[in-house]
Amino acid sequence: MGRNAEAIQEGVAIALAAARLSVKNAILVGTISLDESFDPQHFVDAARAALIALADEQDEAAAAVSRARKAAWGRHTQPHGTHDYRDRDVRNLRRRAKQYSGVAKALRAKADDEAELRELVERAREAAWHDVEVNLQGRLRVEAMRPEQDPDYESMREARMQALRLVDLQKLSAQARRKRTLAAVAEDTADAVS
């Protein structure tokens, strides 16, 4: 495998990881925050959109590198910075543009392949479930711990009590007020209708 093929393969792997993260976040938001059912087809569309967006980024990078290559051609002075290219950089810039274009082409091919998209969604679902599992295990470990098992129990007790007073009790009080307000509105509405 040549250098270009390896670079393209690495670029695709990195882009797939980014797409998987994007789909995983969409799954978590949709199923947990918005209380939606998990519909793989909905997330196949999200996976396709993520891959196409990443392919567009790669095409933009290829175009930018091509412009830099054209500007560098024939320039033989000393560069003034990292991205101040000269004629000696033209060959490398041409290779980078081809690599960016190759990654974009591979991502678009994956975006058109239903099996690839379903695989991406499944991996994202597994990653989302793993995040939920780790979070639950951590909460259960902390919330189910008995005082004699926690070496920091005494030193953290005051902070926990302050959090209870300032956060939990305030939230509970706000919920109770909201319930009373809703009940009063419902009662007024029922009286008005009667």
Side-chain angles (χ1 to χ4, degrees), residues 1-67 93-145 149 160 163-164 167-168 170-172 174-179 181-183 185-186:
M1 183 180 293
R3 264 195 314 189
N4 274 351
E6 282 181 20
I8 290 170
Q9 192 174 37
E10 287 176 18
V12 169
I14 291 167
L16 286 174
R20 186 171 48 251
L21 180 63
S22 174
V23 175
K24 177 190 86 165
N25 289 340
I27 290 170
L28 289 170
V29 168
T31 58
I32 294 173
S33 298
L34 302 177
D35 200 28
E36 297 173 350
S37 297
F38 176 76
D39 177 9
Q41 188 56 42
H42 171 74
F43 295 108
V44 163
D45 295 340
R48 180 179 292 111
L51 289 174
I52 290 171
L54 290 166
D56 290 345
E57 285 180 18
Q58 293 299 304
D59 282 336
E60 290 170 15
V65 168
S66 291
R67 285 191 301 275
L93 291 170
R94 183 179 296 116
R95 181 182 310 119
R96 285 176 48 199
K98 286 181 182 179
Q99 290 167 350
Y100 286 132
S101 294
V103 171
K105 182 179 176 182
L107 292 176
R108 289 186 197 290
K110 289 183 181 300
D112 289 336
D113 184 342
E114 284 293 317
E116 286 277 351
L117 292 170
R118 283 193 300 274
E119 175 67 21
L120 178 59
V121 169
E122 179 57 26
R123 287 179 180 233
R125 185 196 63 76
E126 289 171 0
W129 177 245
H130 178 71
D131 284 2
V132 170
E133 179 183 29
V134 167
N135 189 14
L136 285 173
Q137 286 177 351
R139 291 194 67 183
L140 288 173
R141 192 172 21 262
V142 169
E143 291 178 12
M145 187 178 290
Q149 295 173 325
R160 284 192 306 274
L164 175 70
V167 178
D168 296 333
Q170 296 296 323
K171 188 189 279 186
L172 187 60
Q175 287 174 349
R177 280 193 305 273
R178 196 169 27 252
K179 283 182 181 178
T181 302
L182 289 174
V185 168

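This chain uses plain numbering: 1 for the first residue, then up along the sequence.
To the nearest 0.5 Å, atoms NE2 (H130) and CG (N135) are separated by 11.0 Å. Summarising the geometry, atom NZ belonging to K110 is positioned 8.0 Å from atom CG belonging to L107; distances are rounded to the nearest 0.5 Å.
The side chain to side chain contact (heavy atoms under 4.5 Å, CB included) check on H42 picks up D39, with sequence neighbours excluded. Applying the side chain to side chain contact (heavy atoms under 4.5 Å, CB included) test to E119 and every residue at least two apart in sequence or in another chain returns R123. Residues satisfying the salt bridge (charged side-chain N to carboxylate O under 4.0 Å, His left out) criterion with E133, sequence neighbours excluded, are absent altogether.
Under the ring pair (Phe, Tyr, Trp, His ring centres under 6.0 Å) criterion, no residue pair touches residues 108-127, with sequence neighbours excluded.
Within the 4.5 Å cutoff, the side chain of F38 has heavy atoms near those of the V121 side chain. In this structure the side chain of V44 reaches within 4.5 angstrom of the side chain of Q41, judged on heavy atoms.
We find that R3 and E6 are not joined by a salt bridge, their nearest charged nitrogen and carboxylate oxygen being 4.0 Å or further apart. Between D45 and R48 a salt bridge is recorded (basic side-chain N to carboxylate O distance below 4.0 Å).
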Return a table of donor-acceptor pairs under 3.5 angstrom between the side chains of residues 8-31 and protein atoms on other chains or two or more places apart.
| residue | atom | partner | partner atom | Å |
| --- | --- | --- | --- | --- |
| K24 | NZ | D131 | OD2 | 2.7 |
| N25 | ND2 | L21 | O | 3.4 |
| T31 | OG1 | I27 | O | 2.6 |

Please tabulate, for side-chain N and O atoms in residues 49-63, each donor-acceptor pair with protein atoms closer than 3.5 Å (sequence neighbours left out).
| residue | atom | partner | partner atom | Å |
| --- | --- | --- | --- | --- |
| D56 | OD1 | R108 | NH1 | 3.3 |
| D56 | OD1 | R108 | NH2 | 2.6 |
| D59 | OD2 | R108 | NH2 | 2.6 |

